[in-house]
Q: 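Below you'll find the structure I mean.
By convention here, the first residue in the shown sequence is residue 1. Values in this document were obtained by computation on a predicted structure and should not be read as measured data.
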Amino acid sequence: MTDGLDIRSGRLGPAERSGALAAMTGRPFDVLIVGGGVVGAGAALDAATRGLSVALVEGRDWASGTSSRSSKLIHGGLRYLEMLDFALVVEALRERGLILTRLAPHLTRPVPFLYPLRHRGWERGYVAAGVTLYDLMARTGGYGAGLPFHRHLTRKQALRAVPSMRRDALVGAVQYFDAQLDDARHTMNVVRTAAAYGATVANRARVVGFLREGERVVGVRVRDMEHYPAQGAEIEVQAHQVINATGVWTDETQAMVGERGQFKVRASKGIHLVVPKDRILSTTGIILRTETSVLFVIPWGRHWIIGTTDTDWTLDKAHPAASSRDIDYLLGQVNSVLATPLTREDVEGVYAGLRPLLAGESDQTSKLSREHVVAHPVPGLVVVAGGKYTTYRVMAKDAVDEAARALDFRVAPSCTDEVPLLGAEGYRAAWNSRARTAARAGLHVARIEHLLQRYGSMIDEVLELCAPPTGDPALGRPLPGADDYLAAEVVYAASHEGARHLDDVLARRTRISIETWDRGVSTAPHAARLMAGVLGWSGEQMEREVQHYLARVEAERASQAQPDDESADAARVGAPEIVPLS
């Protein structure tokens, strides 16, 4: 244990979850956070590292909403620069640099993007001015993260970098750098780090009401969704300050307090397609301007992620659905520059997510603000909403600052810009030793590299599960139907990373649900057996988990064949949560 950090206490196994729920009924917490997306997780880490007593509850799984369904980019936002929102871009670029170099280097990596130029003369100068400013802003304050400056390419050079691009789709190009990370794993890691610093955390713990003393909010009523409706499945958790960090559910959460919010949050749906790497021959990511926004083609291991859309969504928020129209739109946009067009048969995976946008006067979600706001609508309750994934740490800091102002003692300032996540310390050294680690574990070095980029310096915890005499060598084998992942990773997800259900593992701890042609159907029975050993499932529960997952896949496929949002939503809600939300 060093500097208040206990890695062992960052474990999110079943025993730790039970202990956390039991601990929540003791003395009042300084701060209680509702919502286990990246902002809520960040607020828990921020508060814990200031020395505050902290509780964090999430009604579903960590990152199960917006924070697992983004474009998986850590970026400043070139389009915000074009809108002259310089402050937002500078803030995001600073955070990008911090995440890349200090906070989560094991989960983040640079990505080059090629911007094809369609007009000779003026366009190159216009784009160059923007990306030059972008690069210079990134280096303000020393957070350039070592990313190269942009470079100019002729058409011949651009086609060499992207052989799949149509020759008539560009006259030249500009290439610049941003970064990417696995959003769900990152959010879960923020939660684990908060727990390691003393936060009391529990997922599948749904807030069903707020506790009041007069006008003041003094806590929440929490329902343990894993055991409800058994006796004792609802508890009261008291806190001096409660932070509502529920993203697109902000309005619904505020309604529980009986207060009209000071602002409204609108949900914007963005969908993404996943296609195999060999369908687009390119050494770089691609960014295209569309009529309403921008389109990214993002390298993702042995795949490409193509996205996104930006449309208003007023239907089921737990399971936003991608329609056939959404998929055709993305295919049409990317095919406008590809020599060999993509078809539906090339699409391995599809996912849809919702962005929480601050509602304004504009009817178009693409024009609503990505900036965040923090409010104190009633005593004891802080609300944080809006923003973008890249700036989660700033949002969390601002929310805890607001809560701290209402506490009756002096609170230390935020220090999360200096707090690496679990797995970050020692990552560079572990990466440099990857060949030795591979030899010791009896695995190919490429497998070790994959594990290092998911677990960082905590890789030994995963490998120990496979190593005799205490480990099981069978766990060192790839999962059937998902060769990129080891069986040990499923066990580790349940024993250390808070996974409670099959869907948690296949959709968030791994990306099997979008990276395999059958969307994890063949892997599901094997993964369920591995989880059962950790979570104590009966044969009946194992079968229930598998059948639920198969129903989820079937409902998603059905929704993606529907012509519009309404019919897609109707098809998707046919497979409800394995743990009912009420």
Q: For residues S71 and H272, is any side-chain donor paired with an opposing acceptor at under 3.5 Å?
A: yes
Q: Nearest heavy-atom pair of S513 and R552: which atoms, and what distance?
A: OG-NH2, 4.1 Å
Q: Could you tell me whether the side chain of R204 reaches within less than 4.5 Å of the side chain of D504, counting heavy atoms only?
A: yes
Q: Is the count of non-hydrogen atoms from other residues, nucleotides or ligands lying under 6.0 Å from R302 atom CZ greater than 12?
A: no
Q: Where do K388 and G77 come nearest, in terms of heavy atoms and distance?
A: NZ-N, 3.9 Å
Q: Centroid separation under 6.0 Å, is that true for the rings of H186 and Y392?
A: yes
Q: Shortest non-hydrogen contact from G270 to R355?
A: CA-NH2, 3.8 Å
Q: Would you compute the distance between atom CZ of R511 and atom NZ of K72 and round it to the nearest 0.5 angstrom?
A: 3.5 Å
Q: Identify every side-chain donor-acceptor pair in residues 23-45 under 3.5 Å, counting partners at least two apart or on other chains, and give the distances.
A:
residue	atom	partner	partner atom	Å
T25	OG1	A22	O	2.8
D30	OD2	S53	N	2.9
D30	OD2	S53	OG	3.2

Q: Strictly distance-based, threshold 3.5 Å: is any side-chain N or O of K317 a donor or acceptor partner for the main-chain N or O of V248?
A: yes
Q: Could you tell me which non-hydrogen atom of F113 sits nearest to which non-hydrogen atom of L73, and how far apart they are?
A: CZ-CD2, 3.8 Å
Q: Looking only at heavy atoms, what is the nearest atom pair of R17 and A202, with distance?
A: CG-CB, 4.5 Å
Q: Quick check for you: to the nearest 0.5 Å, what is the distance between L502 atom CG and R544 atom CZ?
A: 12.0 Å
Q: Hey, does the side chain of R454 reach the backbone of R509 with a donor-acceptor pair shorter than 3.5 angstrom?
A: yes
Q: Any donor-acceptor pair under 3.5 Å linking the side-chain atoms of E515 with those of W300?
A: yes
Q: Would you compute the distance between atom OG1 of T308 and atom CG of L273 and round it to the nearest 0.5 angstrom?
A: 9.0 Å
Q: Going by atom types only, do H319 and E577 share a side-chain donor-acceptor pair under 3.5 Å?
A: yes
Q: When you compare the side chains of E545 and Q541, does any donor N or O come within less than 3.5 Å of an acceptor on the partner?
A: yes
Q: Is any side-chain heavy atom of Y197 closer than 4.5 Å to one of V54?
A: no
Q: Would you say the side chains of E226 and H501 form a donor-acceptor pair under 3.5 Å?
A: yes
Q: Hydrogens and angles aside, do T309 and D326 bring a side-chain donor and acceptor to less than 3.5 Å of each other?
A: no
Q: With rounding to the nearest 0.5 angstrom, report the CD to CE distance, E461 to M458.
A: 6.0 Å
Q: For salt bridge (charged side-chain N to carboxylate O under 4.0 Å, His left out), just list the numbers for R221 and E234, CA-CA rounded to whole Å, side-chain angles, deciding distance to a tenth of an Å, and then say yes or no.
A: CA-CA 7 Å; R221 198 166 70 255; E234 284 195 3; 3.5 Å; yes
Q: Calculate, to the nearest 0.5 Å, the distance between atoms NE2 and OG1 belonging to H303 and T516 respectively.
A: 8.5 Å
Q: Can you confirm whether I448 sits close enough to R436 that some side-chain heavy atom of one is under 4.5 Å from a side-chain heavy atom of the other?
A: no
Q: Are Y485 and H450 near enough that their ring centres are under 6.0 Å apart?
A: yes
Q: Looking only at heavy atoms, what is the nearest atom pair of G481 and T523, with distance?
A: C-OG1, 3.5 Å
Q: Between S68 and R508, do the side chains contain an N or O donor and an N or O acceptor separated by less than 3.5 Å?
A: no
